[in-house]
J.: 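I'd like to ask some things about the structure below.
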Amino acid sequence: MKGHRFAAGFLASVLMVVLCMVLVGCSGLTESAPEAASDISTQTDSQEPSEVAGVTVAEQDNVQTFDLTDGEPVATLKIASGSENKEAARAIKHAVGATGVAVEMHYMGSLDIMAVLEAGGEDYDAVWPASSMWISMGDTQRITRNVQSTSTTPVVFGIAKSKAIELGWADESGTTTSPTTAEILEAVQEGRLTFAMTSATQSNSGASAYLAFLTALSEADGPLTSEDLADGNLTGRVAALLDGVDRSSGSSDWLKEMVVADPDQHQAMVNYESLVSQANRELEEAGDEPMLVIYPADGIAVSDSPLAFVDRGQSEEVESAFKSFQEALAEPEAALEMERVGRRTGLGGKVVHADDDEVEQAFSSEWGIIEDASALKSIPLPAGDVISQALTLYQTGLKKASYTVWAVDYSGSMLGAGKQGVVDGLTQALDPARAAESMIQPTEDDVNVLIPFAGQPDEALVATGSDTAALLRYARDREAIGGTDMYAALIRALDFARQAKTEGGYTVAIALMSDGVSETYTRDAFISAYAEAAVDVPIFPIMFGDADPTQLDELSSLSNGRTFDGRSGDLASVFRQVKGYN
């Protein structure tokens with residue numbers, strides 16, 4: 001299997017807005033911010049297929065800037081954006097070059113964009129989430145104007161070709177059928193299908209797919225209602241479908257990368273059509289079989305990617321610059337660039353530039369993609385209060401239970417601010433009331449295991465469901481003293497994780513946090529133990545203080561996990577992100 005080869009190799013070395021408001025999928029919760037870049041990277045025009053004279057792109061952490069190479073810009077717009085818009089870089093470059101308006105893209109999650117609007121816009125000039133849903137739910141102060149869709153992309157199943165054929169949903173030519181959601185549920189219940197999916201309360205694609213599942217299985221003619229959510233038969237069927245989730249994520253883009261890194265382990269995912277297309281390019285380049293796009297027959301969620309001005313009293317010049325930038329994004333050149341990365345720009349989801357070679361590749365029929373949008377049967381979007389109710393229900397009762405092992409550094413260097421940061425972070429993630437603010441509260445079946453460590457691991461403390469008070473008290477009272485051996489703690493954590501995988505019924509992950517350079521006496525023993533366990537358990541290291549990124553990145557690469565950088569900013573927010581991945 002490629003996962004084993006991977007480990008072995010590692011060891012060896014506006015109409016569209018109206019349309020969207022009638023769709024369930026108008027993808028809601030945008031992605032958690034993408035992986036932070038540790039250094040500023042600069043891209044010149046010659047590095048990209050479409051050149052835009054005089055525009056330079058630079059990136060640091062979760063901010064991407066598009067600026068003029070020479071001269072002063074007309075204005076600089078600060079935009080709160082979903083991370084999926086990183087794939088729209090060439091279209092953004094065109095708009096910047098055409099208008100002379102510089103742009104700062106600040107990538108964040110949907111809940112964060114919603115919070116920006118609820119707080120009055122903070123210092124942002126615009127918001128650009130994956131879905132209008134988050135603008136309509138967050139803009140309680142009515143501060144957004146000129147809301148226009150920039151592109152659309154449906155949320156679909158991407159299934160490895162051989163698996164799709166085995167399920168009876170495709171043939172050798174790549175021609176697919178569209179199973180109903182009930183047929184997908186049946187495949188899950190029979191053990192024939194598992195899939196990776198982003199968290200419905202942390203990611204737009206996950207929220208949109210979840211709302212589509214609910215609406216389709218309700219078999220109602222209209223939008224989902226509160227009465228539907230009180231139907232135990234409906235919610236039980238959706239919970240059974242979500243039992244098919246084998247890996248969770250807070251980011252659609254990261255989910256795509258995870259599947260590409262180990263396609264044998266992860267043969268199906270729920271994600272944007274555009275990201276399935278991008279995954280296929282990477283899979284075929286690596287010599288792996290592509291995924292086929294499967295469109296559920298009874299309802300699809302569609303992301304409308306709206307860009308909106310945030311009116312917080314800026315000058316007329318700023319709003320004028322915004323309008324110019326927005327109009328430039330709708331020009332044919334920008335629309336072409338959108339479609340080259342798999343986003344649809346035509347009315348109703350039609351592909352406009354199908355005769356372009358790159359667009360033809362992005363919407364390849366050999367990958368099961370239907371470019372004329374005939375398969376995009378949309379579902380009515382529920383009211384905002386029903387969406388909120390549905391997301392709370394997902395987090396507290398319907399999502400697959402999670403089993404998270406927290407390996408926490410309590411070495412002497414953690415004394416003071418380091419330990420306090422960990423305690424605050426764990427409280428944010430595990431205290432039911434605090435966690436509810438970020439929609440990551442535990443279900444009654446969730447399990448959280450705390451393993452404090454210094455030179456060696458302490459005894460573990462296990463908390464089930466929302467009864468986390470003793471665990472948090474233990475985290476607060478444990479003294480910070482001694483050296484650092486995170487590998488010994490990981491061996492202990494792996495024992496718990498392996499047992500949870502054996503029991504089944506959980507998404508399982510290890511969260512590791514350290515602020516120092518670990519001793520390596522037990523490193524080889526842990527790596528051998530992980531390889532021998534042969535289980536799909538990601539490690540999510542959180543780096544802060546003087547932690548060695550090389551050691552932590554090694555662990556996330558080994559386990560197909562992700563390293564989070566908590567060295568600057570709010571550690572509690574970082575812990576929230578980590579919990580969103582399990």
Side-chain angles (χ1 to χ4, degrees), residues 32 111 199-202 239 242 245 248-250 391-410 414 418-454 457-480 489-490 492-501 503-514 537-542 544 564 566 570-582:
S32 294
L111 287 177
S199 165
T201 56
Q202 301 301 311
L242 294 174
V245 175
S248 184
S249 166
L391 294 178
T392 299
L393 181 62
Y394 166 89
Q395 185 64 34
T396 58
L398 300 188
K399 79 176 186 72
K400 190 172 184 177
S402 67
Y403 192 109
T404 308
V405 186
W406 303 84
V408 183
D409 186 351
Y410 278 83
M414 290 288 292
K419 176 188 168 181
Q420 189 59 50
V422 165
V423 171
D424 290 345
L426 286 171
T427 300
Q428 174 70 39
L430 301 181
D431 177 80
R434 292 283 299 279
E437 298 170 1
S438 302
M439 300 190 79
I440 55 172
Q441 61 268 46
T443 72
E444 288 309 308
D445 294 324
D446 281 358
V447 176
N448 286 280
V449 181
L450 176 65
I451 302 179
F453 70 89
D458 290 1
E459 289 298 317
L461 188 67
V462 180
T464 301
S466 58
D467 187 14
T468 57
L471 184 151
L472 292 173
R473 185 165 55 251
Y474 186 25
R476 184 178 63 249
D477 293 344
R478 207 285 194 185
E479 185 180 3
L490 287 172
R492 181 77 57 82
L494 182 61
D495 288 339
F496 280 92
R498 182 167 43 194
Q499 180 61 36
K501 293 290 285 189
E503 293 175 3
Y506 299 104
T507 57
V508 183
I510 297 171
L512 166 71
M513 54 225 67
S514 177
V537 175
I539 299 173
F540 297 123
I542 303 175
F544 54 103
F564 292 83
D570 183 4
L571 257 183
S573 175
V574 174
F575 275 66
R576 174 179 63 80
Q577 288 186 48
V578 173
K579 194 69 184 99
Y581 276 67
N582 199 44

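Everything numeric in this text was worked out from a predicted model, so none of it was measured. Count residues from 1 along the sequence.
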J.: After noting the C-alpha distance and the side-chain angles of Tyr474 and Asp458, does the key distance pass the side chain to side chain contact (heavy atoms under 4.5 Å, CB included) rule?
T.: CA-CA 11 Å; Tyr474 186 25; Asp458 290 1; 3.8 Å; yes
J.: Answer whether the closest heavy-atom distance between the side chains of Phe540 and Thr404 falls below 4.5 Å.
T.: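 Phe540 vs Thr404: side chains apart.
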J.: Could you give the distance from CG (Asp445) to OH (Tyr403), rounded to the nearest 0.5 Å?
T.: 13.5 Å
J.: Nearest 0.5 Å, please: how far is OG1 in Thr396 from CE in Met439?
T.: 8.5 Å
J.: Measuring from Asp424:CG to Asp431:CG, what's the distance to the nearest 0.5 Å?
T.: 11.5 Å
J.: I'd like to know if the side chain of Lys400 and the backbone of Val245 have a donor-acceptor N/O pair within less than 3.5 Å.
T.: yes
J.: Going by atom types only, do Gln428 and Ser438 share a side-chain donor-acceptor pair under 3.5 Å?
T.: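 Ser438 and Gln428 do have a side-chain donor-acceptor pair below 3.5 Å.
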J.: Got a second to check how far Leu430's CG is from Asp467's CG, nearest 0.5 Å?
T.: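 Reported to 0.5 Å precision, the distance equals 12.0 Å.
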J.: Does any non-hydrogen side-chain atom of Leu471 lie less than 4.5 Å from one of Trp406?
T.: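 SC-SC contact between Trp406 and Leu471 ruled out.
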J.: Roughly how far, to the nearest 0.5 Å, is CD of Gln577 from CD1 of Ile542?
T.: 9.5 Å
J.: Using 0.5 Å steps for rounding, measure from the CD1 atom of Ile510 to the CG atom of Leu494.
T.: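 CG of Leu494 is found 5.5 Å from CD1 of Ile510.
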J.: Could you tell me which non-hydrogen atom of Ser514 sits nearest to which non-hydrogen atom of Asp409, and how far apart they are?
T.: OG-OD2, 2.9 Å
J.: Please answer whether the main-chain N or O of Ala475 pairs with a side-chain N or O of Tyr410 as donor and acceptor at a distance below 3.5 Å.
T.: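 Checked: pair present.
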J.: Closest heavy-atom contact between Lys579 and Ser402?
T.: NZ-OG, 3.1 Å
J.: Might you point out which heavy atoms bring Pro432 and Thr468 nearest each other, and give the distance in Å?
T.: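 Distance-wise, the nearest heavy atoms are CD-OG1, 3.7 Å.
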J.: How far apart are the C-alpha atoms of Thr443 and Asp446, what are their side-chain angles, what is the distance that settles it, and do they pass the side-chain hydrogen bond (donor to acceptor under 3.5 Å, both in side chains) test?
T.: CA-CA 5 Å; Thr443 72; Asp446 281 358; 2.9 Å; yes
J.: At their closest point, which heavy atom of Ala511 faces which heavy atom of Val578, and how far apart are they?
T.: CB-CG1, 4.0 Å
J.: Does any part of the side chain of Phe496, heavy atoms only, come nearer than 4.5 Å to the side chain of Val537, both counted from C-beta?
T.: no
J.: Looking only at non-hydrogen atoms, find the nearest pair between Val508 and Asn582 and report the distance.
T.: N-OD1, 3.7 Å
J.: Go through the steps for Leu242 and Tyr394 under the test side chain to side chain contact (heavy atoms under 4.5 Å, CB included), then give the verdict.
T.: CA-CA 10 Å; Leu242 294 174; Tyr394 166 89; 3.8 Å; yes
J.: Could you tell me which non-hydrogen atom of Ile451 sits nearest to which non-hydrogen atom of Pro457, and how far apart they are?
T.: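 Heavy-atom minimum between the residues: CG2-CB, 3.9 Å.
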